[in-house]
Amino acid sequence: MIRRPKPTDSEADLLQEQERFLASGTPSTVNVVRRPDKRSGDSEGAQGDQRDVVTIQDLPDELPTLTPAPSKKSRLKVERVRFEDEDPEERLDRHDTHISAVLSKIIERDTSTTPVSLPAFTGLAFPKLWIHTQTIPLNYRSIFARQIAAQRLKEGKTPLYFAPESRGQTSGPKVLNLSPDAMAGPRLVSGQGLGGSDSTVETLKIHQENQGKLQAMSKGEILEEQKRLLGQLDPRLVDFVRSRKAQGALASAPQPSNSQDERRREQRLQETVMIGAKKPEQNPLEEDLPVKPQKEWVHMDKLEPEKLEWIRDLPAPRRKGTKQAMQARFDFAGTLIPPTEDLPTHLGLHHHGEEPELAGYSLQELFLLSRSQVIQQRSLALNTLAHILTKARAGEFAAALRGSVVSTLLDAGLLFLLRFSLDDNVEGVMSAAVHALRALLVSSDDEDCLDSTLSWFHGLASFPLLPTAQEEEDEEDEGLPEVMRETAQEKEEKKTDHDVARKDVVKGLLRMKLLPRLRYILEVIRPSPRVVQDVLGVLIRIARHSSSAATQVLDCPRLMETVMLEFLPCSWTVPASPTPQSAYGLPVANAMKLLRVLATTGRHACARLLNSLGARERLSRLLAPEPSELLLEPEEALRVSTEAYRLWAVAASYGQACNLYTDLYPILVRVLQSAHRPWRPSDPLLPLELHRLQALLTLLTQVTHTAGCHQELQAGLVSSQGAECPPPPLVTWGHVTGLQPTMLGLLKGCVRTLGEPVQRESTLRLVPAYLVYMGQYSTRELKDQTRIVSKYLSVVIYLCCVPRCSSAVCNPQSCCPGPETIPSLPGLHCAGWTSAGGVPGPNSPFPLITSLCYLLDTLTSIHRGLVRKFRSLLLIEAVLGYLRGCAQAKPTLSHWVLRHEHHLLYLLLRLVPTDPEVAKHAALFHHVSLVMLPWLLPGSEYLAHELMATMVFNKDFIPEGQIGGPEAAEMSELQLQERSSPPLQTLGPLLREACVQLPSVRGCYLSHLAHMEPSVLSSRDFHLGRTPWLNTQLLPELSGPSLPSDWPFLPLVSLYERAGAPDGGGLQVESLPAGAVQSVTHCLQWLLLLEVWREDALRVVLPVAKLARLACIFLCSSDLFMERPVQRLTWALFRLLTRPSQLEALDLNSPPTGLASFNDLYSALVGQFEAVSFGDPLFGCVILLPLQRRFSVTMRLTLFGEHVGLLRSLGVTLEQLAIPMERFTSPPEDSLPLLRLYFRALVTGTLRLCWCPVLYVVALSHLNTFIFSQDAASQVQSTSQVLRSHLLLFRLPQKDAELGFNTYDQLPPIRQRRLESVLGTQGMSDSKGE
């Protein structure tokens, strides 16, 4: 038999069944019949019809009629009479229910016989409200129900409500009462479905039979039958019925009137049998409720105690007794609410949370509220989060909260919440999300600091706000060849949005298509002015992230076009109100600032803005008229003009937009001439006016830079002969010479007004910009600058007092990142600097003294004879104190503001002359130059090169190297040593030779820094103002200093990486590059000089790092350490490294920079010593140094366990070892495995006094102490009488003794007794064993 197909059959199964059916030859029960088309009307058309008609045997063509179901009839149809010729329109008019038909048939009711009663006069203002107090009987029916019942009785039918009195009984508990008064009628059997007219009688009979059976059954039988029925039913259905019954019982249970009714009810309940398994819950007493319900209240017939609990008064907030941290709560302004503060409820800060008595919202509750369905709640939550972020970024929660608020919010998914909210259709929610996003990304203090330093020396440049790059270890690529490994771009594409945002917030937002959404908001939604400002602020922060982010802003379709069209128009109308309701169609200062930040990222971006987007026309339109003529608010007009000058200055720093200088030259002169006028300190526009004038001076400085390069570019273009060369700029030196007299007169006027207290503060802000301009102009033409500077130098020097409290170098804690600084969203950490005393503060002395030093450096570079004329600046006690503070400082952070202070230090050192007066402080200046080198940030490579070329290796700044200096250093070193040693006596000649070789040492280090040549050239173009060759004003990534802190060891590390490291350039260990010995010699000479005379300059390098770098001498070659000059210098450095102060600071447990652990380095050293040392004492001392008792036992186990063979060649004597023996023998060794190795080496003869004296003494000391300790020990068995004597009679190590240690003539009594007790115990155990 062929089986029927199943739903689980596949297509192959169906085909197999079909083949089996066809093979069986069984006739099909279905035939295909071609029926004619009924629409065509002919039967012949069936042959042309190709449709398939399926027919089944024994199945009629027509559907059978359903006879059991009676046909439905309408009761009103028989009353309705219609005629065939009746017009439907007339029938509609007849039954029309229009208001006109109703009003036309109004008949006034006859009221002639109705008595008229006047209202009674009362003293109330309004009649007393009539309240219906009639109690409704239990069997009460409405009028409609009574009419229906009468109609059914008239028709001879049974009423729907057979037992009206049962309605009142449903309000009680659902129990089966077996008392006689409960036999009135059935409750479970309704009689529906029974045919005939006597269905009611049948229902009553069934009910009586059920009652009789129940009365004949006992209580146990009833319960057993109940269990059986419950077992047969679906449990879910039973639970549903019970829950419905419990709800009905709770809603309709009557309240007990008195205690007597309660007792009667309890007695009745005891006589009943519960049908459900659970007893219905009873209503709570009214005394337990927070309010007493009144029957007049609407919807209070069903009590809900859990909801009524919210009406109860809140308990007073109290501090929890636990010491655990409490959850932070905030108000709608983002202010932190103390947990003990009792706020009134009308503020709206109390809600139905976990702690209703505490006011405020937690971060978790705000997140929940931000995803609410209610628009106002979403907007309120996002605005509150924005206020919290603003206060957190300002550092207001640092002292009150544990951890970071910003980090907590980002970990909770704030970034995705804001991105989703930006897509909200409601403009209010979208605006709140934009505001919160700006609060997260933008720091107002950072922007103010950057704007305030824009007119400083090299203030146009800025660092990108990129997170610190962290190398990720990819286990999947381990072991694969370089060709098969994934590229960085492929790895980046595989990351999810969450992974990218966790590393870099701005990059994650760009990946989530933030820019197209912001463009849509600006172009389509056209929000309010505040939202426009927030969007522009977010775009500025994205542009500051990196050049790639700025390129994405420029490339976003229609984004910059919308900004230029809507917020930087070329024409606009006067706003109707002082505060316009829309920012569209008016110039916006932040839009111009966005162009300036984008132009800072590179000359190509700047050219796109000027030429493609029309920024050049905007500059002419906004700078040609005065700010008062721009038809804007005075503050906004000044801001727009200031930002336009700043954008032009950035463009001029690339040599672009110089044609505007000739076009707007009369306007620039007019603005300069109007600048020197008395300023009113109370004028609210004074800060904006000063910023505008500073921006103009910065512009003129950059134009002067560009004009100074014209002659060089012109000559290069002539000599290039077709080669690629930048074209000369459109502005020449003749274009800028006309401004020099005006600028010089303005500078004189400013210096004269410094003595006026009213004008002093405003003048001090302008003088630095004037001095920077004069310094740049003096590079090409030196006329009256020297005379002017000499005349007013005393006045300026009096003001140039550098307080150490405002220095970021002397106070590194002022640059420490705040608690809200997170790696994925870096900032400038300028919170509070604009108002407090800091480097970029309003009262900072750094811009004035830096600009003055720049001018003096320019003058002295042209005429070196002027150096002595300006030496008084360096001899000021404030400047000397500042330099001493810098020499002792330990800045460990790479902060952006340090760049400006590094400029000041560099310029001060450039002014140091070779003068007897200044030579007294030469060591201080040299010390400052040394400690400054590892501080210089990326972009300052040219400064490092100049310092190394002119000062660091200059013997004129090392007064100790003069006649008698090396001898004095040697004598002082001898006095510090407790005992003399022959290698130390060669320190004087080594120092003299190092001083002679300083030029060669300088060449050695400069050659090893040749890989930095591109960075040095780029930095040189930036610092010298070579604008046509400058590609960007964006400095390299701020990932750390440009030079490592251990740069004096650079030749050693470089040689190790080339020759000794695995796969290091393909060279063998035995072979060395040409000139390697000379390079290592120069490096060691410089290190020796620094260790003796500039020890404080190397304090940033830990002793363990020094030891690790010196170990490269032994690892990079097999015989380098045996070279005579190398060995002499290494011996001297090793003696200096093993001084008591250095030994105390030596910590081998903390790995040095560049190494995972010192143990790995020591293993390599031991292996190299075993292979190529030939018992060299210097190499042996390096091997012995880490074996001191206070260091890790791992290195001692490595030597005695894995490399015990080298003990025969480790012949360092106690005289050659510069380390006290007590550091090896004290405290006693407590490692049993190491003691076993000591004992095994002594017993087997591997460790002998003639082979390894130092470790022989160490092993004897520790074993002797272990034997005579009070702990239980096994008997020491030795076959050597000499070793036995040494072990038992060892006393103390002594360097002058023949054996290296003293021995007892005989054992002391206490040791004798101890030995006897140990041997006696061992003998007893041996006898028992036998």
Side-chain angles (χ1 to χ4, degrees), residues 807 809-810 812 880-893 898 901-902 905-906 908-909 912 919 921-937 940 943-962 965-966 968-969 972-973 987 990-991 994-995 997-998 1001-1002 1004-1006 1008-1009 1040-1053 1082-1110 1129 1132-1133 1136-1137 1139 1141-1142 1145-1146 1152-1153:
S807 169
V809 173
C810 299
L880 292 176
Y882 169 67
L883 292 177
R884 294 190 191 99
C886 292
Q888 301 298 325
K890 296 180 181 180
T892 57
L893 297 174
L898 293 174
E901 200 162 351
H902 296 164
L905 290 172
Y906 170 76
L908 283 174
L909 296 177
V912 177
H921 309 283
L924 174 62
F925 297 139
H926 188 253
H927 192 182
V928 173
S929 66
L930 286 174
V931 299
M932 181 182 169
L933 275 179
W935 296 348
L936 294 176
L937 302 178
S940 302
L943 305 185
H945 180 272
E946 287 296 306
L947 285 176
M948 296 180 74
T950 58
M951 177 168 284
V952 172
F953 300 101
N954 192 343
K955 63 180 181 180
D956 296 334
F957 293 97
I958 308 177
E960 299 88 349
Q962 306 300 327
S972 62
E973 196 69 25
L987 189 60
L990 291 177
L991 288 173
C995 291
Q997 295 293 331
L998 277 177
V1001 173
R1002 177 183 60 189
C1004 170
Y1005 277 91
L1006 291 178
H1008 277 86
L1009 294 174
S1042 56
L1043 284 179
S1045 59
D1046 59 346
W1047 67 270
F1049 299 89
L1050 184 61
L1052 295 180
V1053 178
H1082 291 325
C1083 177
L1084 295 177
Q1085 288 175 339
W1086 178 243
L1087 289 173
L1088 179 64
L1089 190 147
L1090 293 179
E1091 284 288 347
V1092 176
W1093 291 328
R1094 297 290 182 268
E1095 183 181 1
D1096 290 342
L1098 284 178
R1099 67 179 178 272
V1100 294
V1101 184
L1102 299 177
V1104 62
K1106 296 179 182 178
L1107 180 61
R1109 271 55 176 177
L1110 287 178
L1129 291 167
L1133 287 172
L1136 294 175
L1137 191 61
R1139 287 174 295 181
S1141 59
Q1142 294 288 331
L1146 184 61
T1153 305

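Because the structure is predicted, anything quoted here is derived from the model rather than measured.
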Undergrad: If you count the non-hydrogen atoms of other residues, nucleotides and ligands that lie under 6.0 Å from NE2 in His927, is the total more than 12?
TA: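 Check passes, neighbour count above 12.
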Undergrad: List in chain and number order the residues that pass side-chain contact (heavy atoms from CB on, under 4.5 Å) with Val928, two or more places apart in sequence or in another chain; answer none if no residue qualifies.
TA: Leu883, Ala887, Leu905, Leu909, Leu924
Undergrad: Kindly give the heavy-atom pair with the smallest separation between Leu1136 and Arg1139, and that separation in Å.
TA: O-NE, 2.7 Å
Undergrad: Closer than 3.5 angstrom, by distance alone: can the side chain of Ser807 be matched with the main-chain N or O of Cys810 as a donor-acceptor pair?
TA: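 It does hold such a pair.
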Undergrad: How long is the straight-line distance from CG of Asp956 back to OG1 of Thr950, given to the nearest 0.5 Å?
TA: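 Nearest 0.5 Å value for the OG1-CG distance: 11.5 Å.
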Undergrad: Going by side-chain contact (heavy atoms from CB on, under 4.5 Å), name the residues that satisfy it together with Leu1107, two or more places apart in sequence or in a different chain.
TA: Leu1137, Leu1148, Phe1158, Leu1185
Undergrad: So, do Trp1093 and Leu991 sit near enough that their side-chain heavy atoms are less than 4.5 Å apart?
TA: yes
Undergrad: Can you list the residues that meet the ring-ring contact (aromatic ring centres under 6.0 Å, His included) rule with Phe953, with sequence neighbours excluded?
TA: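 By the ring-ring contact (aromatic ring centres under 6.0 Å, His included) rule, Phe953 matches Tyr1005, Trp1086.
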Undergrad: Taking side-chain contact (heavy atoms from CB on, under 4.5 Å) as the test, write out the residues that go with Pro1041, two or more places apart.
TA: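 Counting only residues at least two positions away or on another chain, Pro1041 forms a side-chain contact (heavy atoms from CB on, under 4.5 Å) with Ser894.
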Undergrad: So, using side-chain hydrogen bond (donor to acceptor under 3.5 Å, both in side chains) as the criterion, who are the partners of Arg1094 when residues are at least two apart?
TA: His926, Glu960
Undergrad: Applying side-chain hydrogen bond (donor to acceptor under 3.5 Å, both in side chains), run through Glu901 and Tyr906 and close with a yes or a no.
TA: CA-CA 9 Å; Glu901 200 162 351; Tyr906 170 76; over 6 Å; no
Undergrad: Within a strict 4.5 Å, meaning less than it, do heavy atoms of the Lys1106 and Leu1098 side chains meet?
TA: yes
Undergrad: Is Trp1047 close to Leu930 at the side-chain level, that is, under 4.5 Å between some pair of heavy atoms?
TA: yes
Undergrad: For Val809 and Cys886, which heavy atoms make the closest approach, and how far apart are they?
TA: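 For Val809 and Cys886, the tightest heavy-atom pair comes out as CG1-SG, 4.1 Å.
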Undergrad: NE2/His1082 to CG/Leu1129 distance, rounded to the nearest 0.5 angstrom?
TA: 11.0 Å
Undergrad: To check you understand the geometry: which heavy-atom pair defines the closest contact between Ala1132 and Leu1088, and what is its length?
TA: CB-CD1, 3.9 Å
Undergrad: So Leu990 and Gln1085, do their side chains get closer than 4.5 Å, heavy atoms only?
TA: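 No, too far: nothing below the 4.5 Å cut-off.
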Undergrad: If you measure from CZ on Phe1049 to CG on Leu1084, what distance do you get to the nearest 0.5 Å?
TA: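 Output value for this atom pair is 9.0 Å.
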Undergrad: Say you draw a straight line from CG of Leu1043 to CG of Leu1050; how long is it, rounded to the nearest 0.5 Å?
TA: 8.5 Å
Undergrad: Which is it for Glu1091 and Gln1142 under the side-chain hydrogen bond (donor to acceptor under 3.5 Å, both in side chains) test, yes or no, and what are the steps along the way?
TA: CA-CA 11 Å; Glu1091 284 288 347; Gln1142 294 288 331; 4.8 Å; no
Undergrad: Are Pro1048 and Cys1083 side-chain neighbours, meaning at least one heavy-atom pair lies under 4.5 Å?
TA: no
Undergrad: For Glu946, what residues pass the side-chain hydrogen bond (donor to acceptor under 3.5 Å, both in side chains) criterion, not counting sequence neighbours?
TA: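 So Glu946 forms no side-chain hydrogen bond (donor to acceptor under 3.5 Å, both in side chains) with any residue.
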Undergrad: Residues two or more places apart in sequence or in another chain: which of them pass salt bridge (charged side-chain N to carboxylate O under 4.0 Å, His left out) with Arg1109?
TA: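 Counting only residues at least two positions away or on another chain, Arg1109 forms a salt bridge (charged side-chain N to carboxylate O under 4.0 Å, His left out) with Asp1046.
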Undergrad: State which residues pass side-chain hydrogen bond (donor to acceptor under 3.5 Å, both in side chains) with Asn954; sequence neighbours excluded, sorted by chain then number.
TA: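 By the side-chain hydrogen bond (donor to acceptor under 3.5 Å, both in side chains) rule, Asn954 matches no residue at all.
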Undergrad: Please report the shortest heavy-atom distance between Ala1105 and Pro1152, naming the atom on each side.
TA: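 Scanning both residues completely, I find the closest heavy atoms to be CA-CB, 3.9 Å.
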Undergrad: Roughly how far, to the nearest 0.5 Å, is the CE atom of Met951 from the CG atom of Leu933?
TA: 11.0 Å
Undergrad: Look up atom CZ in Arg1002 and atom CE in Met948, then write down how far apart they are to the nearest 0.5 Å.
TA: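 Answer rounded to 0.5 Å: 10.0 Å.
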Undergrad: Looking at Pro934 and Val931, what are the two nearest heavy atoms and their distance?
TA: CD-O, 3.4 Å
Undergrad: Okay, side chain of Ser1042, backbone of Leu936: is any donor-acceptor separation there less than 3.5 Å?
TA: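 Side chain of Ser1042 to backbone of Leu936: a pair is present.
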